[in-house]
Amino acid sequence: MLQVNFIKENKERVLNGLKIRNYSEDQLGVIDEVIAVDELRKSTQTELDALLFERNSLSKEVGALYKAGKRDEADGIKAKVGQLKEKVETLQQQLKDKTEALANLLYTIPNVPHESVPGGNTDEDNEVFQAWEKDLPTLTETALPHWELAKKYDLFDLELGNKIAGAGFPLYRGQGAKLQRALINFFLDEAAAAGYEEIIPPLLVNETTARATGQLPDKEGQMYHAEKDDLYLIPTAEVPITNIYRDVILKESDFPIKLTGHTPCFRREAGSYGAHVRGLNRVHQFDKIEIVQIEHPDKSYETLNVMLEHVKSLLNKLELPYRILRLCGGDLGFTAALTFDFEVYSAAQKRWLEVSSVSNFETFQTHRMKLRYEDANNKKHLAHTLNGSALALARIFAALLENNQTEHGIKIPKALQAYTRFELIRNK
RNA sequence: GGAGAGUUGGCCGAGUGGUCGAAGGCGCACGCUUGGAAAGCGUGUAUACCUCAAAAGGGUAUCAAGGGUUCGAAUCCCUUACUCUCCGCCA
């Protein structure tokens, strides 16, 4: 969430940012509301602090008077302090209310988009940041979409997944399962080679954790919730991994912190339907390797580029055609300041599939998380967080099947063969 | 799941109603000392918010979390969480 002081000092910038996110004039009122509530909060605290000061000083006197044996005098002061009590309680309640009201307002305000974020409403308006310059693969008339290929080669089974869990929970088997595992290991090894420390985090997280990275309250309905224990199934490894550094004060020399992790990701995807969700295009559970960096604010955009390069190299090694989009204001996530999406071309479906999202959150997450660093003058500042998928498996898997299908079987890209230990997925 | 013990600052650890944001030690930083280092000596060393144009200064809160008793709570009471030990269950 944004800091009140930041909003006050950069009001125009914040308002413009919200406009890029297509806020109406009416909705922009929230900014003035925040400022007003904060003024009330401050004046309440000033009043309360003065009252508490009085109470504390008088109470100290009582102690001293008792020691000196002056009971009567002490009792007089006791009565006086007793009278303050009601007012203290009222003010304390008010302060609590105001603080809460402020927090609730701030929770509704999304991050300020980076200056490069274009306007626009939907994913149609995203800017093609890097197009695919070479020819797109073309397949024969008889080419199959991945869900058909899965049947032909027995790679995954949606019906069985449905039987066991429900729609959108794929079950991989045989060479399909092996290909999944190969991709996971490949991505993790590549991340390790790029200097990321591997983490295996919990797959369920508590409310504080989900709130810190901004999934709550914004994406409440998108996460699976184990109500009995009040835990959320992670929608991405970003959540538990970034939270490692919640409430931490770093030294400048600690930067950059680079973490990676493979986890399944669980998403309810409420409201999704239609042809675009066929097969593995949109599922409730998929595997993803996430890369996370915690950076010095001066370097975070440089680091964002480095992360883009990492994802590019993965796709190049997998020999998949891809393009990079810069998300427009309307498509940009609530917590992100700047996001680049990677899409791979699915030749059989003749469409682009999103396989990675690389974002800079600046201080939006670190403010909630209280993740700070200390500069040379011992001043504390909020750090920047970044993360990206490197990569999300289900759609990569789909694209690999479709693009590499031949009449003899499905070719495995060279870089992956060391992991799969087969070069071709053949009909049984 | 049951029983018991515990949770204090970066770490260890003292502290059972007032002068305690908290002794002492370790660590860390700076200075003195030294040819240099170690040792020694000295000084400093939490976070957030409010106030102040800013700094200085002042104030408030925080001893796991929340609530209560009291003029006053690290200290007493209640609730919750977590940790450890034992039992149960179990990969």
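Each chain gets a letter, A, B and so on, in the order the sequences are listed, and its residues count up from 1.
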Which nucleotide, [options], lies nearest any side-chain atom of [X]?
X     : options             : result
A/K42 : B/A48, B/U51, B/U60 : B/U51
A/Y66 : B/G67, B/C71, B/U60 : B/C71
A/V62 : B/C50, B/U47, B/G18 : B/G18
A/N56 : B/U70, B/G18, B/U60 : B/U60
A/R41 : B/C49, B/G59, B/G18 : B/C49

**OP:** Indicate whether OP1 or OP2 belonging to B/U60 is found under 4.0 Å from a side-chain N or O atom of A/R55.
**Re:**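 False: A/R55 side-chain N/O out of range (4.0 Å or more) of B/U60 OP1/OP2.
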
Using the [atom1] atom as the reference point in each nucleotide, state the distance between [N] and [M] in Å, no decimals.
N     : M     : atom1 : result
B/A81 : B/G66 : P     : 15 Å
B/A74 : B/G68 : P     : 15 Å
B/A22 : B/G58 : P     : 13 Å

Subject >> Who pairs with B/G31 - Watson-Crick or G-U, where each distance is under 3.5 Å >> reply: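 The base-pairing partner of B/G31, which may sit in any strand shown, is B/C41.
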
**OP:** Under a 3.5 Å limit for both distances, which nucleotide forms a Watson-Crick or G-U wobble pair with B/C82, could you say?
**Re:**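 By the stated definition (distances under 3.5 Å), B/G6 pairs with B/C82.
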
**OP:** Assess A/R267 against A/F286: is NZ or CZ under 6.0 Å from the centre of the six-membered ring, and within 45 degrees of the ring's axis?
**Re:**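 Pair A/R267/A/F286 does not count as cation-pi.
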
**OP:** Taking all non-hydrogen atoms of both residues into account, name the closest pair between A/F422 and A/I412 and its distance.
**Re:**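 The pair with the smallest heavy-atom distance is O-CG1, 3.6 Å.
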
**OP:** Can you tell me the distance, in whole Å, between the NZ atom of A/K60 and the C1' atom of B/U60?
**Re:**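 In whole Å, B/U60 C1' and A/K60 NZ are 12 Å from each other.
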
Original post:
Base, sugar-phosphate alone, or nothing: which one does A/L52 contact when heavy atoms must sit under 4.0 Å apart?
Top reply: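 Sugar-phosphate only.
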
Original post:
Within the structure shown, what part of the strands sits under 4.0 Å from A/K379 by heavy-atom distance: base, sugar-phosphate, or nothing?
Top reply: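 Since no nucleic acid heavy atom lies under 4.0 Å of A/K379, the category is nothing.
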
